[in-house]
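First the proteins, then the strands, lettered A, B, ... as listed; each starts at 1.
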Number of protein chains: 2
Amino acid sequence: MSQRSHRAAPEHTHPDDVPVQTALAALADPVRIQLVRELAGAADWERTCGTFDVPVGKAALSHHFSVLRAAGLIEQRDAGPKRVNRLRRPEFDERFPGLLDLVLRDAGDAGDAEDAGDSGDDRRPGA
Amino acid sequence: MSQRSHRAAPEHTHPDDVPVQTALAALADPVRIQLVRELAGAADWERTCGTFDVPVGKAALSHHFSVLRAAGLIEQRDAGPKRVNRLRRPEFDERFPGLLDLVLRDAGDAGDAEDAGDSGDDRRPGA
DNA sequence: TAGACTGTTCAATCAATAGCGAACAGCCAG
DNA sequence: CTGGCTGTTCGCTATTGATTGAACAGTCTA
């Protein structure tokens with residue numbers, strides 16, 4: 001018998017079973033983007049749910065984690081009273097190549113501080 | 001003289017000025033995904049707004065095009081009474097590498113399994 | 001066993017957005 | 001000039017999703 005925990009394990013969805021639209025919707029939220037970024041900067045199973053620096057209550061936080069799970073972005077495991085998280089980077093990367101990199105690289109700016117190596121596609125309509 | 005049109009040109013946003021979140025949100029919609037896909041399968045300036053096979057009225061359609069413009073995904077130009085569209089593939093690709101490919105490749109299915117109910121696919125990490 | 005701590009669930013609220021119908025504005029053909 | 005066509009804007013409704021506070025459940029420590 002499993003003496004691990006009597007608590008229901010969270011429902012996980014594999015990235016393979018996630019439609020693109022769901023993945024995009026999951027990442028199109030500032031709070032969840034922040035969660036993913038902090039998670040990417042930590043080791044697997046290191047961060048517990050309560051240790052993230054996001055401006056929402058724990059109820060909303062729990063909801064966001066649920067969305068991330070359903071999108072195949074994270075995996076959760078119970079560790080005593082806490083719940084530790086892991087970013088499913090390899091699996092998600094295989095299903096949606098480059099997507100995670102985009103979110104992690106673009107840390108909040110809209111691209112104004114890019115390099116000057118502009119390929120110069122500067123066409124304007126109605127010229 | 002330029003007899004292009006006396007109509008106000010639509011406001012365009014360059015992909016460089018678009019935050020990731022905006023790009024993701026723009027693509028996280030079934031109607032807009034369909035628009036982008038059809039646009040990708042046609043030549044530049046070939047499709048007019050009314051020629052897309054989407055299940056919405058023209059008012060909603062106009063709104064979706066507005067969102068796509070604001071996300072730097074499309075460019076529009078007036079051609080007589082019609083308005084022709086162009087997918088900003090190279091510019092958008094340079095700003096968000098791989099993102100457009102993801103949406104275009106994943107043509108509506110979630111890999112292999114898509115069901116209408118709750119997927120009892122809770123597999124635990126186990127070991 | 002009691003208590004503190006962590007996270008989930010519930011009920012309700014609020015904001016954002018998608019949708020439609022109708023009215024409006026520019027463009028071309030007659 | 002008039003009418004038909006194309007697309008936008010406006011007013012409105014419905015739906016979705018984010019958020020909170022309170023209550024609940026499970027786990028560890030004292």
Candidate nucleotides [options], ranked by approach to the side chain of [X] - the nearest:
| X | options | result |
| --- | --- | --- |
| A/V31 | C/dT8, D/dT19, D/dG7 | D/dT19 |
| B/A59 | D/dT9, C/dG7, C/dT6 | D/dT9 |
| B/T48 | D/dG7, D/dA23, D/dT8 | D/dG7 |
| A/P81 | D/dG7, D/dC28, C/dG26 | D/dC28 |
| A/R7 | D/dT19, C/dG7, C/dT9 | C/dG7 |
| A/K82 | C/dA18, C/dG7, D/dT6 | C/dG7 |
| A/V56 | D/dT19, D/dT8, C/dC10 | D/dT19 |

Figure out the [atom1]/[atom2] separation between [X] and [N], and round it to whole Å.
| X | N | atom1 | atom2 | value |
| --- | --- | --- | --- | --- |
| A/R47 | C/dT6 | CZ | C1' | 15 Å |
| A/E11 | C/dG7 | CD | C1' | 16 Å |
| A/D29 | C/dA16 | CG | P | 13 Å |
| B/R69 | D/dT9 | CZ | C1' | 12 Å |
| B/D78 | C/dA25 | CG | P | 17 Å |
| A/Q34 | D/dT19 | CD | P | 13 Å |
| B/L68 | D/dT8 | CG | P | 12 Å |
| A/R77 | C/dT6 | CZ | C1' | 17 Å |

Considering heavy-atom distances to DNA chain D, does B/F65 or A/K58 have its closest nucleotide positioned more toward the 5' end?
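Going by which nucleotide is closer to the 5' end, it is B/F65.
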5'-most by nearest nucleotide on DNA chain D - A/A79 or A/H64:
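Comparing both residues, the 5'-ward one is A/H64.
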Shared hydrophobic cluster for B/V67 and A/L27 (ILVMFWY, side-chain gaps under 4.5 Å)
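No; A/L27 is not reachable from B/V67 via cluster members.
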Is there a side chain to side chain contact (heavy atoms under 4.5 Å, CB included) between B/L35 and B/L61? Walk through the geometry before answering.
CA-CA 9 Å; B/L35 293 179; B/L61 188 59; 4.0 Å; yes
By the 4.0 Å heavy-atom rule, please label A/S66 as base, sugar-phosphate, or nothing.
nothing
Would you call [X] and [Y] a salt bridge, using N to O less than 4.0 angstrom?
| X | Y | result |
| --- | --- | --- |
| A/R95 | B/D106 | yes |
| A/R88 | A/E94 | no |
| B/R69 | B/E11 | no |

Does A/H63 put a side-chain nitrogen or oxygen below 4.0 Å from OP1 or OP2 of C/dT9?
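Checking C/dT9 against A/H63, no side-chain N or O comes under 4.0 Å of OP1 or OP2.
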Are OP1 or OP2 of D/dG26 and a side-chain N or O of A/R83 less than 4.0 angstrom apart?
no
